[in-house]
Each structure stands twice: as C-alpha cells, then as structure tokens.
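Heads up: the structure comes next, in structure tokens.
Sequence lines set the chain letters: A, B, ... in the order given, protein chains first and strands last, and positions in each chain run from 1.
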Amino acid sequence: MDKNFKEEKFTGITKFTPPLYRQRYQFVKDLVGKYKPKKVADLGCADCRLLCMLKFCSCIEVLAGVDICGSAMKEKMHRLSPLPVDYLQPRERPLTVTLHHGSVAHKDHCMLGFDLVTCIELIEHLEESELKKFPEVVFGFMAPSRVVISTPNFEFNPFLPGVKLFRNPDHKFEWTRLQFQSWALETARCYGYSVEFTGVGHPPRGMENVGFCTQIGVFVKKYPQTSASTPSEKPTEAVYKTVFKAVYPSLKDEKYLQNAVVREVTFTAQIIKQSLLNHLMSEHGEYNDDPIKRKSKFQPSVNCFSEDLGKLVVEKSTESFVNGNMVYIPLATIFSFPRVNRLCGTFEKLRKLVAGQVTLSSDGSAVMLSTEHEDN
Amino acid sequence: MTGRARARSRGRPPGQETAIPSVGAASVHQALAVQPPGRHQPHAHPSLLEEPGGRGRQRAPQSVPQSQRLQISVGFQELSLADRGRRRRDFNDLGVNTRQAIEHVQESKTGTSGVMIKLTANYFRLTSRPQWALYQYHVGYSPEMEARRLRSALLFQHEELIGKTHAFDGSILFLPKKLVNKVTEVFSRTRNGEDVRITITLTNELPPSSPTCLQFYNIIFRRLLKMLNLQQIGRNYYNPNDPISIPNHRLMVWPGFTSSILQYEESIMLCVDVSHKVLRSETVLDFMYSLYYQVEEQRFRDTCAKELIGLIVLTKYNNKTYRVDDIDWDANPKCTFRKSDGSEISYIDYYKRQYNQEITDLNQPVLISQCRRKGRSMMPGPVVLIPELCFLTGLTEKMRNDFNMMKDLAIHTRLPPEQRQREIGRLVDYIRKDDNVQKELRDWGLSFDSHLLSFTGRVVQGEKILQAGNMFDYNPQFADWSKETRGAPLICPKPLDNWLLIYTRRNYDTANTLLQNLFKVTPAMGIKMNKATMIEVDDRTEAYLRGLQQSITSDTNIVFCILSSTRKDKYDAIKKYLCTDCPVPSQCVVARTLSKPQTAMAIATKIALQMNCKMGGELWSVEIPLKQVMIVGIDCYHDTLSGKQSIAGFVSSLNQTMTRWFSRCVVQSRGQELVDGLKTCLQTALRDWFKWNKYLPSRIIVYRDGVGDGQLYTLVNYEVPQFLDCLKSVGKDYNPRLTVIVVKKRVNTRFFAESVGALKNPPPGTVVDVEVTRPEWYDFYIVSQAVRNGCVAPTHYNVIYDTSKLKPDHIQRLTYKLCHMYYNWSGVIRVPAPCQYAHKLAFLVGQSIHREPNLLLSDRLYYL
C-alpha cells in the first residue's frame, strides 16, 4: 500500500480518465441536464468543443460562443453547422448557434438574457485589466441566472509532471483554492449571487487535502430576473463581431413540421394498408393452395421485434377498409399512432397539415391509397 | 418484367436513361466528415506533400503513388488496391496529355461534315484582369513550428504586409499581389512568448492558365460556395433550406450544383450543372417495420438480412457512415457493453448520456458493422449500431428498379432545357448578388461571364437503316425506327424449330396467348416457327430447373420461361444453369408483362426480335464504309453490395456489317488484375474473327466504357500497352492499327439548342469538338439519343491512342453509326452498341451468373 502510494507521488499524475477537459465539459453537460437552460453562452469557446457537445442537448434553444481569437473559432466553426441528419429529422425545439469574436472585458447587447454562462478555463488567461472588468461584464451586465467558472488549482501543480510554475505559458496567474474562493465570494456578494465550490480531477489518494485539479465555482443569481435594471444601463453598441450563425431546422418551423407529419402519416398509412391487404389475402388464401403456410403467416407475432406497434397495426387495420382498388385509412386511426400524435398534438392540426399533401377521401376523413402493386 | 426489362431498368436502353442523381453513401460520408476549412487549401507542389501540415491533393502523373504503378487496369484499380478510397484522386484527369502522341491531330482535331447549329453550353468564361498573375510564396519558420493553426496565426499577425486576401495551407501562400521584396523576413511572437522568424519567399509567378492556378480557382470557387451557405456533399454543393420531400418513398431531395473550373479548348471556364442529392428520410427501424408487413413472418429475418446487409447507414448522432455487416437478433438496446474505460453500460444509457438520443423501441435488434478502416481513433472490432438511430443512405438496386419511385423522383430531378438553364443561372445570380462573394472575387481580380457560352456545333447526317434489301429513313428528331421497320423481314432470321415454353399452371392461358401472338408476328419477319414444347411446372425454382434438365436436347434452339413474379432468385438460377452448365439461349418474361391485351402484340414483336438475336440472328445494319475493322466494346460491372467481384464485359465484332458479335467476360475477384483477362479476351476475339473472315483485321477500334474520373492515367499507361503487347504476340508480321476511345456517359456538360427564342435539346447527331473540349486531348462530344423529357446528356469520347490515321470526322461518324446498332432498341442509343452489349453482359454475369458463361454461347447475343 505504502509503496504504491509513494510511487504515485513520485511519478505524479500524468493522465486522468476520462481526460480532465472532458470531465469539465461533462460537468457543464450534467448541469445543463439538471437545470435545462434555454439560452447558454460559452465564454472563451476556443475550438467550440463544448458548444459541439451542448448542441445535442434538446433543451437549449440559443447557444452562443465568444472568443478573443477569431481564427481558432473559425477553424472549427463548421462543426456547429446543421448536418444532413438534422434536416432529415428536425429537432423539436429551435436552435440557433452564434459565434462572436470579442473580449469578455467588453459589453455587447447580444449577450443579454442568458440562463447559463460558462467560463471554462478562461479567467487565468485574462490580463489584469481584463480580469478587473470581467465581473462587471458577466455578473453585472449579462447577469445570467447561472455562471460556471473553472480555473486551475495551483496547489495541485506539484502532482503534474513537467509543470514548472503554471500549467500553460499563457496563464497570467493560477490561483490556490483560497485565492479563487475569496475572489468568487467577493464577486458573488457584489452582484447578488450565491456561489458553491466543487471541481474535477481527484488528487492522489492520501493527498486529498490539496483539492481538485480543476476548481469550479457555480454561481446562482439570488433574485431571479430583476432584468428591468439591466437595459436601463445604456445598451452599448455592438462591439462583438458575429463570425458564425447557424439556424437549425426544427419542428417549430411549419415547413419542417409539415414535412415530418406528411412523412409519418404516409408511413403509417402504408403500413396499415399492407397489414390490411395481408389480412384480406390470408382470408382468400384459405381456398388457395398451400393453406398451412398461409395460415401461420398472420398470427399475431410472438417474436416480432416490436410488439407494441405490431399489435397496434393489427388492431387498427380493422378500422380501415377497401373499396374498389382504393384503401381508405381514417385520419383518426392514423392520429391514434403515438408518433403522429406526438408530432401534431391535435387532430385539427393534423388535418390542416396534411391537407393538399396527401390524397384524402372526398370528405377529408380518410387517407386514400391505391391497392395497385407498387411496380407496375 | 422480362429478363430484359429487369436488366433494362438498370441498364435502360441508353436513349432513355433516367438521369437520376447518384446517392453514393460514400460521398455523403466524405462530405459529412466535418472538415477544417484548411482542407481546401491549395497544395500545388507535389514535392510539398512531405511538408508538415500539408495534405497533398493527388495530381497525375508526377505524384502517382507507388501502389498505383503496379499493373492495374482502370476501373478496377480501386477494387484491387488495398488502400482504396483513401487517396484523393484528381477527378479531372489533369496532366494526361494524350493528344501530343497522336500525330495526325496535332493541327486540328475537328470534324467537318454536317449542318451547323447554334448551341449554348453550361459553361461560363473566367476572366482575370489584364497582366493578372498569382504569386506563390513559400513560408518558412524558424524555429520550426509544427501546428498549422499556429503557423497561420503567426503569419497573419502581419496582415498589413500580406493583405486581407490570401490562401495559405501552412507552407504555401498565394497572394494576388507581389510583395516588394523577393524574400521578406518578419518576426512574430507566440502566446508562449517565443519569438519566431518567418521567411516569405516568392517561388513562383503563375500565369492564369497554369495548372496550379486552375487548382487555385477551384479552391476559391469552393470558398465562394461555402460563403453562399451551401452544404458540401461529396464534390457538390447543395442548398438544404429548400428540400423537396417525397413522402411516398421517404425520400428528400436537395437541389444543388456541381461545378469545376478547367482549361478548355480556348479559355478557362467554369462548368456548372444542376445536381440533386437524394437523401432517405427513413431510419433502419422504419425500414424494418415496413418490411415486416410485406413479407411472411418466417421470412422476415432473412429478408431483412438480405435487404440490409451491405447497405451504408448514416448515424444521426455523429454523422458517420457505416456498412451493415450483420444483424444481431438476440441483442437489443437494453444490452450492455464495456466502454474503453472498463465500465459496463447499456446502449440506451450510452446514447442518452453521450448524445442525448432517446431510444424508444426497446425490442429492436442491433446492427453490426465491422470497422475496416485502420488508423482511426476508433476502437478496433465490430461496431454495434441501433437501427432507430441510423438513417439509410443511397438508392438501392431495388429502388432504382421501382418504376414509380423513379418516376416520382424524375419529376423533381429531370429538368427540361429551359428550366435547367434557369437553375444554372441561379448560381451565377447568387454569385453576382452576394456582396461578400463579389468582394472576394474582386480582391483576387477574377470575374465570371454572366452568359452561357455559345458556339456552333454540327449535326451530322442521319443514317439509313438497312434491313434485308430494304432501306428505311427514320425521323431524326425521335431517333427511333420501330414504326418504320415494323413487319419488315430481318437480315438473318433464325428458325424456332425446336423450342421450350415453360410456365406454371396459373399462367397456362398466358402461355397460349403468347404462342398465338408469336405465330401472328413472326412470319412477316421471316422467322419460321414451330409450336413450342409446352412444359408446365410448379412455381418453384427446383421445378423449373428439373423441367429444363429433362427437356433440353442438343437441338433446342431456345428456352422460354414465363415467371410468375419478379423474384430474382428464380431468374438467377435459370440464367445460371442455361449460361454455364447447359448452354442454351433463354428468354425469361414475367407473366404480368404478357397479360395486358392492349400491348400484347407489341410485346410479342419485341420478344420475337430479342429471341432472334439471342439465337444468333441479325436484325438491321447501317452503312459502314470502313473495311477490315474489328470493333471492341468493354464495360465493367462492380458488385458493390457484396464487394467481392468485378466483371468486365468484352464484346467484339465478327463481320463487316457489325451485325454479329463475339463476347467474353472477365470475372475478377478482389486483388486480381483485369489486364491479363482482357488480353486473353482480345486473343480469342482475334482467333474468332479469323475463323469467320479467314484473315485478321487490319484495324482495331476499342471503345472503353466504365472508366471513372481520375483513372485515365492508369488506362493510358497500363491498359493500352497491354493491348499492344497482345497484338504483338499474335504474329511477327501482324501489325494492325489500334485506336482506343474512352467513352464517358456521366459528364456534367449539357448543350442547349436555340430555336425561336427558346432553348431545346440539340437533335440526335449533334457533334461538338470545339470550345468545351480539352486542348490536351483528342476528344469530342456526340449527342446520339433523343429524350422525351429532361435534358439530353451528351456522351464524351476521348481518343487516347490512335495509329489509325483516320480523320477525326471519320471517327466521329463511325462512332455515331455504331450507336445505331444495338438490337434491343430500335433507335439510336447513348453509346456505341458494343459498349452497351458489354454492359449487358457484365451486368448479367455480375447480377445472376457470377462466373464466366459457357464459351459455346460466345458468338450470340444471349445476354440481351
């Protein structure tokens, strides 16, 4: 035991699993999962890695990144663009991703109204003058409900091999826990926030007293939304330069909603039609050759890979009927399928969305499909 | 569907080819991989491939990697190379200068015959300022900096020196202006406080037409397209904001553009064409559901496996593509797996945690993909995929064969000339109206013409169809003579003395009706016909095969099978048996095709013609003045699904009138080379020619189809020498003249004919050998077919080797004549008949037979 520990002490901790940066991002992600903020900004977003992870969070509707280095952002910003799959299956809520080129020492109107602002490994890169303005910009001006600030814990450095003074030559300072906490408490007090301290990157066993490798402060606004005071301060003109903006397709957009509904209705109708025709055929089939084979065919499936939909389709197909070479599938039947239901919400909405997009019976109550075989 | 129709729906009579955009999953993948913009930075100098941060773009021939120097035949190199698809190819075949070796076209490569016609093409001239030049600099760092991002950041600290307009890839810098000094030294400081000396050395002053400049133009143009917010997929750019949804088939179509800038005959031009990307808005799970209701329960898993394995799927969370190799029915999303850190997690939790993806169906099986690529950060071993989270990509063979689907798709993708021109114009409009784009262009000193290129082409004289002493003219507008020649006797009718008609009990009436109809239509053609031996079988594959085994004799002329459904396995089994073990020509027709009374006679006529060809008969011919010439057609078929085999079809003429054809094919499994196979083909073809004619041909003209973009170099340097070798080996005094012509159907070039203020398709017989051809090639375009809707696609012919000394006009005319000789279509087709025959052969073998057919059939068109 003792020996092991000693070795660890000497070699230092070379690696965290998962890597420390990932643990920091996961920390933010967990926070997002817990509080479901709608508008999130990442200050010092660099290569947009955190934003990339956050764009998968369905609760977020506005995502913004700010960095002083335009080229770093530009290099990887295209990974924030919507992908073909985002168009194939649009999100439920809207999402706009914007990247701004600018300094956290400056106020810009576009940074107002956020629910969560993250500053991951940011403050230690700030010059003294910038650091001085930082609390006023983030806590005073932006005044989001929550702020997450992470920064290296100086006390941990002896355990990191190869680190002489600071972990990165660009760091202007690295704080001990006491230094960070007193700065944070003072800031919180000043702008009406409460703050809790935690961190990621556990120290080696027996050395717990040095604290986490990365220290994190989570600030929560004490009096939610007294935003009336903020705009009264003369809104500054736009000092940030927008370098990137992507609007994701979403079901809030009528165009995409209609596409999705029509697709789902057609899909459901086709499945019901097939099930109905199979059923009719198997009844006919009694007279045909090979009755044993056919009979077994449409027994309610035992090992069907999805029983729910299977049952539903068999049940529901009876509500539909064949007339001539047309199959009529009532819209109401289609509406009872969970995916259609979830998309439209109300039956009226369904009728409105499919009107003119799908062939309906003359009274508009049923979807009509031809029984003709697909290939002619 | 008849056997013919089956193949046709894929290898449709070329005149009618539906121009459906390819949906290559691989290309989706390429595009989707999130690329740093730097990827499109110029790399001009092959030698710079070694530079840090430099990912070189392939440029033939200087930088052909060693692996390509192996003897590999074109069209197959990709499949035989281990590292296929990893290298970037030069899709424009730059640097392959074949014209310089062909003496008689040094002065001129243009033809003369025909009537002039005013044409426009989808090309725009690129113009640059007078005395324009591009300045190429080498940028060095001291101390050496590795990271490309850092290198750019350090360099652009000196923007006041360099200017805002630049292209930089980490070592090569392009500027539109000349710096004051040839060598400029500047100093930058890194964030670490390290001082770096940067040396910017002028290495080149490039004139507008230099190859490096061309590459550079394309890079800049791509930059512009990106600025217009178009999404790159593969080599093309699409506009995702206006998708066309086709819910019946669960497809989504993105309109977009394909573009390239190249040096053409007279000037540097931008070629723009409309492109459509078809995406499938269907997850694998959706697909499984709908399949479940289409097939019997006990066949469900098998069918699923058959339909899904080999497909490429796109995962919705990370936008990667995978090939489905297996389906694990025993697993489901609740199962757990071990993560790289050793912890155990279920798929549901993993996807929830990692990507916020909710899996709703907990009973679905999982897909297995074997990761083939090495060198990625991925863990080795199989990848498990959840059907609900995977989108299907690409149109399957089955979908392409779905007539209704292709029709619905064609409404959106096949644009008539006027509309196509409008769409093309839209891109130019976008460019002209976007301020940022205009600024970028201005800064580089470049601009594009706003009008389509116009020039004159020629329409060569129509051909006369010769059929047993009769001569027919046809309406050149339609390029079809089925009406004119109906009921006329054939050049060489083959009697149906002894033939089998196999059917199932249910199709007894159909069989009899067909027989009666054949009796009605054959006499006029001159075909003598006896009543067929009627064989009734059960509707099972084995029953058909047993029927064949018991009834075929050495006298059997042909076998006629009426199939009850389009099920491929039965068709395959019959064809395989009759092409290999028991070589007899065969005709398979689906009963439904014969069942419509209104078309019954027309169908019977077509079937009679086709059967006649399959038995070695001849239908019609055109005048071919050239004597002692053997025409060869080659095409390839790649079995992309199982990825195992490639097949080359080889067809060569046997007589002066080009009415009889010899055929062979090469079945090549992965890792083998095609060239040896082709040599053997050519040897046997010459032997057969000799048997028929008692002398050897003095000229051989090879039409080589199935050559992909960027494969020209290999073709010129490996395949042609092999042909020459083969000819040398025939005999010491034998020294025929050889011409090799590369045939390319998939080109982005479109021609429009102006007629009374409107744009129309150019008429069949239009030849273009000016303006849009390439100066370093002996090439031309022919529009040979007519299309009823959409835009006609010209075929590109590139004469890469020619000792024939034939005038360009003669080569063009001969090529056009050969487009009249495809017996499965009484009209002009897109490619010379031998190419289409070779295609049909390769397709049949690749789809159904999977090995070389019996050589006893080789002098007949049994594969039609």
### Query
Is any side-chain heavy atom of A:Leu88 closer than 4.5 Å to a side-chain heavy atom of B:Met252?
yes
### Query
Side-chain contact, heavy-atom cut-off 4.5 Å: B:Tyr289 with A:Gln274?
no
### Task
Using non-hydrogen atoms and a 4.5 Å limit, figure out which bit of B:Gln357 sits close to chain A: side chain, backbone, both or neither.
side chain
### Which atom of A:Lys29 lies closest to which atom of B:Tyr355, heavy atoms considered
NZ-N, 4.4 Å
### Message
Nearest 0.5 Å, please: how far is CZ in A:Phe267 from CZ in B:Phe287?
### Response
11.0 Å
### Task
Identify which part of A:Lys255 has an atom lying under 4.5 Å from any heavy atom of chain B, answering side chain, backbone, both or neither.
side chain
### Query
Do B:Trp254 and A:Pro84 come close enough that some side-chain heavy atom pair is under 4.5 Å?
yes
### Query
Above 12 or not: heavy atoms from other molecules or residues under 6.0 Å from CZ of B:Arg299?
yes
## Note on the structure
Output for pair (B:Gln232 CD, A:Ser81 OG), nearest 0.5 Å, gives 12.0 Å
### Query
Is there a donor-acceptor pair under 3.5 Å between the side chain of B:Gln231 and the backbone N or O of A:Pro82?
yes
### Message
B:Asp286 vs A:Arg339, test: salt bridge (Lys or Arg N to Asp or Glu O under 4.0 Å). Steps then yes/no.
### Response
CA-CA 12 Å; B:Asp286 291 341; A:Arg339 292 218 301 209; 2.9 Å; yes
### Task
Answer yes or no: are there more than 12 heavy-atom neighbours, outside A:Gln26 itself, under 6.0 Å from its atom CD?
yes
### Task
Below 4.5 Å from any heavy atom of chain B, which atoms of A:Gln357 appear? Answer side chain, backbone, both or neither.
neither
### Query
How many angstroms lie between atom OG of B:Ser290 and atom CD1 of A:Ile271, to the nearest 0.5 angstrom?
5.5 Å
## Note on the structure
In terms of heavy-atom contacts, A:Arg263 and B:Pro247 come closest through CA-CB, 4.0 Å
### Query
Are B:Phe391 and A:Gln89 close enough that some pair of their side-chain heavy atoms sits under 4.5 Å apart?
yes
### Query
Got a second to check how far A:Tyr256's OH is from B:Ser245's OG, nearest 0.5 Å?
11.5 Å
### Task
Give a yes or no on this: more than 12 heavy atoms of other residues, nucleotides or ligands lie within 6.0 Å of atom NZ of A:Lys172.
yes
### Query
Side chain of A:Gln270, backbone of B:Asn248: donor and acceptor closer than 3.5 Å?
yes
